[in-house]
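For reference, the structure is listed below as structure tokens.
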Amino acid sequence: MAYRLLFGFVLPLVLQSSLVLCNPPELKVGFYQYTCPYAEVIIRDEMTRIISHVPSLAGPLLRMHFHDCFVNGCDASILLDSLPGLPSEKESIPNLSLRGFGTIDLVKAKLEQACPGVVSCADILALVARDVVVLTHGPYWDVPTGRRDGMISVKDDALSNLPPPFFDATRNLYQFFIPKGLDAKDQVVLLGGHTLGTSHCSSFSDRLYNFSGTLMPDPSLDRQYVPRLKTKCAPGDTRTLVEMDPGSFRTFDASYYRHVAKGRALFTSDETLMLDPFARDYVLRQAGVASDGRYPAEFFADFAASMVKMGNVQVLTGAHGQVRRRCGAVNQMYI
């Protein structure tokens, strides 16, 4: 089914909805209330300590949850290490730039000390994503928990399930978001998460030097912004990092939408939101809020709702999956 989607076929909505576990009854806020009552406090305290020392980890840790959920559901498969001859999702091109795996291991170790074998790595990813948003002045939301960890991680699955930054927004919507039960609003809202963090030049350099094989910049990019980006990103540069939300890349706010509205989004996937009437209206509305310095109440509420919705995608609960003792490896089965 992934291959049919990859080559442009779109499933009927009635079939698409069957692929996603919407509002799984086994997930609930406070799932660990009795089995590990201080789980969320332990995670929050550890993340407060880590982000205070390394604030640049907030963006990568938020995206790690996104990258996990979009590849066969929110099952922490992104965390599994490769085995001999079996490369995992970590080694897929879209995930090579992810950072923060050590942070998740530290959090897991703290939880294992307090409550051995209780809190899943999949729930840790969801709770850490919430906490880094809060710690960078974004919204708080209650995270339904009770996910269990998957036992399979395949390198090629990431490449065929993660929306590329060089696809246009409409293609990503129908090929990657809708099949997972996420809609156009979720797309424009979740892309607002690009307010945090940086991107490698290689993720958008084609827009600077050879857009669609023209040997020219992308005409949708602000002409005054192109020279500034070129001073940072030489052709073939794979190392340099560029702020996705210049001037505010360590603060979770609505300012990223100002850059999209001005033609200054780094990615084709984000800039082409302006071609869709619904997404364009949303972008312009949030850009206006940011420009006026107003509190982004609508975006914050929408982001919280879309994160909960994304966190429900194809989760494992009950007797399915396992609770890994170490996030990078499946538990050994003894007979």
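- Residue Met216 shares its hydrophobic cluster (ILVMFWY side chains chained together at separations under 4.5 Å) with no other residue.
- A donor-acceptor pair is defined here as one N or O able to donate and one able to accept, closer than 3.5 Å; such a pair exists between the side chain of Asp276 and the backbone of Phe278.
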Let's go through Thr48 and Asp45 carefully: what are the C-alpha distance in whole Å and the side-chain angles of both, what is the deciding distance for side chain to side chain donor-acceptor pair (under 3.5 Å) to 0.1 Å, and is it a yes or a no? CA-CA 5 Å; Thr48 300; Asp45 288 349; 5.2 Å; no
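- A donor-acceptor pair shorter than 3.5 Å can be found between the side chains of Asp237 and Thr240.
- For Asp157, there are no salt bridge (Lys or Arg N to Asp or Glu O under 4.0 Å) partners at least two apart in sequence or on another chain.
- With rounding to the nearest 0.5 angstrom, the OG atom of Ser199 is 6.0 Å from the CG atom of Leu266.
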Walk me through it: do Lys262 and Asp222 pass the test salt bridge (charged side-chain N to carboxylate O under 4.0 Å, His left out)? CA-CA 7 Å; Lys262 291 179 179 179; Asp222 177 6; over 6 Å; no
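- Contacts classified as ring pair (Phe, Tyr, Trp, His ring centres under 6.0 Å) and involving residues 69-119 (residues at least two apart or in different chains) are given here: Phe66-Phe70, Phe70-Phe177.
- Sorted by first and then second residue, the disulfide (SG to SG under 2.5 Å) pairs involving residues 158-187 (not counting sequence neighbours) form an empty list.
- More than 12 heavy atoms of other residues, nucleotides or ligands lie within 6.0 Å of CG in Leu86, so this atom counts as buried by the packing criterion.
- Leu125 is listed as a side-chain neighbour of Ile78, based on a closest heavy-atom distance under 4.5 Å.
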For a salt bridge (charged side-chain N to carboxylate O under 4.0 Å, His left out) check, start with the C-alpha distance between Lys90 and Asp81, then their side-chain angles and the critical distance, and finish with the verdict. CA-CA 7 Å; Lys90 280 185 179 180; Asp81 296 326; 2.5 Å; yes
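- Of all heavy-atom pairs between Arg250 and Pro55, the closest is NH1-CG, 3.7 Å.
- Judged by distance alone, the side chain of Glu46 and the main-chain N or O of Ile50 form no donor-acceptor pair under 3.5 Å.
- Between Ser153 and Ser77 the shortest heavy-atom distance is OG-O, 2.8 Å.
- Between the side chain of Asp75 and the backbone N or O of Asp149 there is no donor-acceptor pair closer than 3.5 Å.
- In this structure, the side chains of Cys69 and Asn312 stay at 4.5 Å or more apart for every pair of heavy atoms.
- The shortest heavy-atom contact between Thr268 and Thr272 is O-OG1, 2.6 Å.
- Aromatic ring centres of Tyr257 and Phe299: separated by under 6.0 Å.
- Salt bridge present: Asp186 and Lys309 bring a charged side-chain N and a carboxylate O closer than 4.0 Å.
- Other members of the cluster containing Leu80 are Met151, Val330, with ILVMFWY side chains joined at under 4.5 Å, either directly or via other members.
- For the pair Phe249/Thr195, no side-chain contact is recorded, criterion being any heavy-atom separation below 4.5 Å from C-beta on.
- A distance-only check finds a donor-acceptor pair linking the side chain of Asn210 to the backbone of Thr214 [under 3.5 Å].
- Arg148 has no carboxylate O lying under 4.0 Å from a charged side-chain N of Asp123, or vice versa, which leaves the two without a salt bridge.
- Between Leu191 and Val260 the shortest side-chain heavy-atom distance does not fall below 4.5 Å.
- Applying the 4.5 Å side-chain rule to ILVMFWY residues, one finds Val134 in the same cluster as Tyr140.
- Using a 4.5 Å cut-off on side-chain heavy atoms (C-beta onward), Leu273 and Arg280 make no contact.
- When every heavy atom of Ile42 is checked against every heavy atom of Ala114, the shortest pair comes out as CD1-CB, 3.6 Å.
- The number of heavy-atom neighbours closer than 6.0 Å to OH of Tyr295, taken from other residues, nucleotides and ligands shown, is above 12.
- Under a 4.0 Å N-O distance rule, the pair Glu89/Lys155 does not qualify as a salt bridge.
- For residues 179-218, every residue pair satisfying the ring pair (Phe, Tyr, Trp, His ring centres under 6.0 Å) rule, not counting sequence neighbours, is listed here: His194-Tyr256, His194-Phe267.
- Minimum interatomic distance between Asn95 and Ala158 (heavy atoms only, all atoms of both residues): ND2-CB, 3.6 Å.
- Looking only at side-chain heavy atoms (C-beta outward), Ile104 and Leu79 come within less than 4.5 Å of each other.
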Yes or no on side chain to side chain donor-acceptor pair (under 3.5 Å) for Glu91 and Ser82, after CA distance, side-chain angles and deciding distance? CA-CA 8 Å; Glu91 296 191 36; Ser82 297; 2.4 Å; yes
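- Atom CG of Asp206 and atom SG of Cys201 lie 12.0 Å apart (nearest 0.5 Å).
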Side chain to side chain donor-acceptor pair (under 3.5 Å) between Ser220 and Arg207, intermediate numbers included: CA-CA 9 Å; Ser220 68; Arg207 299 187 70 206; 3.2 Å; yes
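- With side-chain heavy atoms closer than 4.5 Å counting as contact, directly or through intermediates, the hydrophobic cluster containing Ile152 also holds Val154.
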Hey, mind stepping through Asp105 and Arg326 against salt bridge (charged side-chain N to carboxylate O under 4.0 Å, His left out) and telling me if it holds? CA-CA 7 Å; Asp105 290 340; Arg326 187 171 70 84; over 6 Å; no
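- Summarising the geometry, atom CZ belonging to Phe31 is positioned 8.0 Å from atom OG belonging to Ser120; distances are rounded to the nearest 0.5 Å.
- Contact record, Lys230 with Leu208: CE-O, 3.2 Å, taken as the closest heavy-atom pair.
- Residues forming a side-chain hydrogen bond (donor to acceptor under 3.5 Å, both in side chains) with Gln322 (at least two apart in sequence, or on another chain): none.
- Not counting sequence neighbours, the partners of Thr136 by the side-chain contact (heavy atoms from CB on, under 4.5 Å) test are Ala58, Leu196, Phe252.
- Within a 6.0 Å radius of CZ in Arg239, no more than 12 heavy atoms belonging to other residues, nucleotides or ligands are found.
- Under a 3.5 Å cut-off, the side chain of His53 and the backbone N or O of Arg49 do form a donor-acceptor pair.
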Please evaluate residues Asp253 and Thr251 with respect to the criterion side chain to side chain donor-acceptor pair (under 3.5 Å), reporting the C-alpha separation (whole Å), side-chain torsions for both, the decisive distance (0.1 Å), and the verdict. CA-CA 6 Å; Asp253 53 28; Thr251 302; 5.1 Å; no
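- Residue pairs meeting the disulfide (SG to SG under 2.5 Å) criterion with at least one member in residues 103-135, sequence neighbours excluded: Cys36-Cys115, Cys121-Cys327.
- You'll find the side chain of Met310 reaches within 4.5 Å of the side chain of Leu190, heavy atoms only.
- For the pair Tyr225 and Pro246, the minimum side-chain heavy-atom distance is below 4.5 Å.
- Asp281 meets the side-chain hydrogen bond (donor to acceptor under 3.5 Å, both in side chains) test with no other residue; sequence neighbours excluded.
- For Arg44 and Glu40, the salt-bridge test fails: no basic side-chain N is under 4.0 Å from an acidic carboxylate O.
- Atoms CD and OH, from Gln33 and Tyr38 in turn, are 11.5 Å apart once rounded to the nearest 0.5 Å.
- Salt-bridge formation is not detected for the pair Asp183/Lys185: no Lys NZ or Arg NE/NH1/NH2 atom is positioned less than 4.0 Å from an Asp or Glu carboxylate oxygen.
- Partner of Val315 under the side chain to side chain contact (heavy atoms under 4.5 Å, CB included) criterion, out of His320, Arg147, Glu26: Arg147 alone.
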